Amino acid sequence: MTSLSDLPIRDDLRGKTPYGAPQKVVPVALNVNENTHPVPADVAADIVARVAAAITTVNRYPDREFTELRESLSKYLGHGLNAENLWAANGSNEVIQQILQAFGGPGRSLLGFDPTYSMYPLLAAGTGTAWISGERDADYELTPRTAVAEIRRHDPDIVILCAPNNPTGTPLSIETIEAAYDAARGIVVVDEAYAEFMPDGHPSALTLLPGRPRLLVSRTMSKAFAFAGARVGYLAADPAAVDALRLVRLPYHLSALTQAAANAALAHSDEMLAMVGEIRDQRDRLVRELSRLGYRPYRSGSNFVLFGGVDDPRATFEALLAQGILIRVVGISGHLRVTAGTEAETTAFLDALAALGRPASAGSAVTAGAATLPVGSQS
Ligand SMILES: *Cc1c(COP(=O)(O)O)cnc(C)c1O
């Protein structure tokens with residue numbers, strides 16, 4: 001049998017492993033940060049009607065400029081943005097890939113701050129861009145000072161800031177983004193996949209766009225917007241940056257069906273986002289309860305929580321999976337990540353975890369009773 005290594009694959013891809021979050025059919029899937037609430041029935045009916053209308057003309061190529069979608073997205077974002085500031089693709093992963101195709105590539109580099117989104121180094125590898133792993137402060141925070149020091153040290157062509165950061169949940173201050181932009185000579189990408197889950201009053205990087213043509217802000221409909229299966233990600237930036245992406249996108253990359261479905265969903269954005277408040281409540285509950293159970297949860301501005309103090313993450317993962325609860329091993333020793341689900345799903349997770357007993361590092365229930373927010377540094 002032929003194996004991958006027998007093929008004349010590019011040398012820089014040899015030995016690499018693909019993105020591989022386990023996909024299992026389980027009652028409680030809290031492993032890839034989806035919105036676990038289904039699409040409301042009336043919204044689903046409208047989406048189906050628009051997709052049905054679009055299918056009658058799929059003999060023709062779709063609108064290559066997806067003009068209606070760019071208009072819908074600019075209205076959804078606000079901040080004075082117009083259709084010419086907007087771009088979209090099949091998931092924000094594709095948007096980021098296009099950014100690397102246009103601004104990265106052989107001889108160029110991408111700096112991110114680990115631990116961060118596992119797709120960044122894979123997208124860098126696929127486009128021949130060198131991945132540079134920058135450092136964070138204690139508890140996975142990223143201060144302006146540290147971000148600037150890492151940018152000066154590595155002088156990358158592209159900087160990517162994940163705000164809030166996956167897999168740690170850490171919110172990123174607008175001051176860090178501004179300082180990173182001023183220190184960088186190249187493109188600065190802010191990945192705001194989880195922006196809708198941030199606390200009210202925390203400004204988005206969108207507020208920094210005017211006068212900053214090297215700043216690109218990516219978003220997705222996959223998380224808060226409950227649209228992961230439809231594959232729609234997007235970007236807001238100076239129109240010149242959008243022009244750069246036109247050079248590398250495949251012609252007609254967004255299908256007519258995708259465009260119709262996304263436009264219909266955006267027409268119902270209030271209903272699609274109705275569960276965000278409840279998801280934030282469940283996230284805050286996870287932080288409180290994990291701490292009470294003797295673990296060390298980190299502060300989170302997203303729809304998931306990273307927690308430390310796990311004696312054997314793989315064993316805990318397997319014990320929960322045996323009860324139909326799927327969470328995530330993220331490769332940080334002593335840590336696991338869990339998505340905030342519905343109230344019932346979150347309860348199922350917390351009850352099952354409690355039944356496994358207190359972690360060894362927690363000490364007795366009596367002394368750990370006063371545990372508050374995370375202090376733990378990476379173990
Ligand atoms: C989930 C996620 C995305 C979204 O990917 P899509 O391709 O839009 O589904 C992007 N960035 C981060 C950090 C994520 O966690």
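Everything quoted here is computed from the prediction, not taken from an experiment. Each ligand, and each atom within it, is numbered from 1 in the order the structure gives.
Polar contact check, Ser222 against ligand 1: a nitrogen or oxygen pair lies under 3.5 Å apart. At least one N or O atom of Tyr194 sits closer than 3.5 Å to an N or O atom of ligand 1. In terms of polar-atom proximity, Asn90 is not counted as a contact of ligand 1, lacking any N or O under 3.5 Å from an N or O of the ligand.
Neither the backbone nor the side chain of Met119 comes within contact range of ligand 1; no heavy atom lies under 4.0 Å. At a 4.0 Å heavy-atom cut-off, ligand 1 touches Arg231 through the side chain alone. Both the backbone and the side chain of Asn93 come within 4.0 Å of ligand 1, judged by heavy-atom distances.
Taking a cut-off of under 4.0 Å to the non-hydrogen atoms of Gly91, the atoms of ligand 1 that pass are 6 (P), 7 (O), 8 (O). Ligand 1 places these atoms under 4.0 Å from at least one heavy atom of Cys162: 13 (C).
One option in Met221, Arg219, Lys223 has a heavy atom closer to atom 14 (C) of ligand 1 than any other, and that option is Lys223.
Donor-acceptor pairing under 3.5 Å is lacking for the side chains of Tyr252 and Asp63. Side-chain N/O atoms of Thr258 and Ser255 include a donor and acceptor closer than 3.5 Å. Inspection of the Ser74 and Asn82 side chains reveals no N or O donor paired with an N or O acceptor under 3.5 Å.
Aromatic rings of His253 and Phe66 (six-membered ring for Trp) have centroids within the 6.0 Å cut-off, being under it.
Nearest heavy atoms, Val305 versus Leu286: CG2-CB, 3.9 Å.
Between Glu94 and Arg249, no side-chain nitrogen of the basic residue sits less than 4.0 Å from a carboxylate oxygen of the acidic one, so the salt-bridge criterion is not met. Ion pair Glu84/Arg70 not flagged as a salt bridge, since none of the NZ, NE, NH1 or NH2 atoms sits closer than 4.0 Å to an Asp/Glu carboxylate oxygen.
The aromatic rings of Phe225 and Tyr76 sit perpendicular, their planes meeting at an angle over 60°, well past the 30° parallel limit.
Shortest contact from atom 12 (C) of ligand 1 to any protein heavy atom: Asp191 OD2, 3.4 Å. The single protein non-hydrogen atom nearest to atom 4 (C) of ligand 1 is Ser92 OG, 3.2 Å, given as residue, atom name and distance.
The closest approach between Ala228 and ligand 1 stays at or above 4.0 Å for every heavy atom of the residue.
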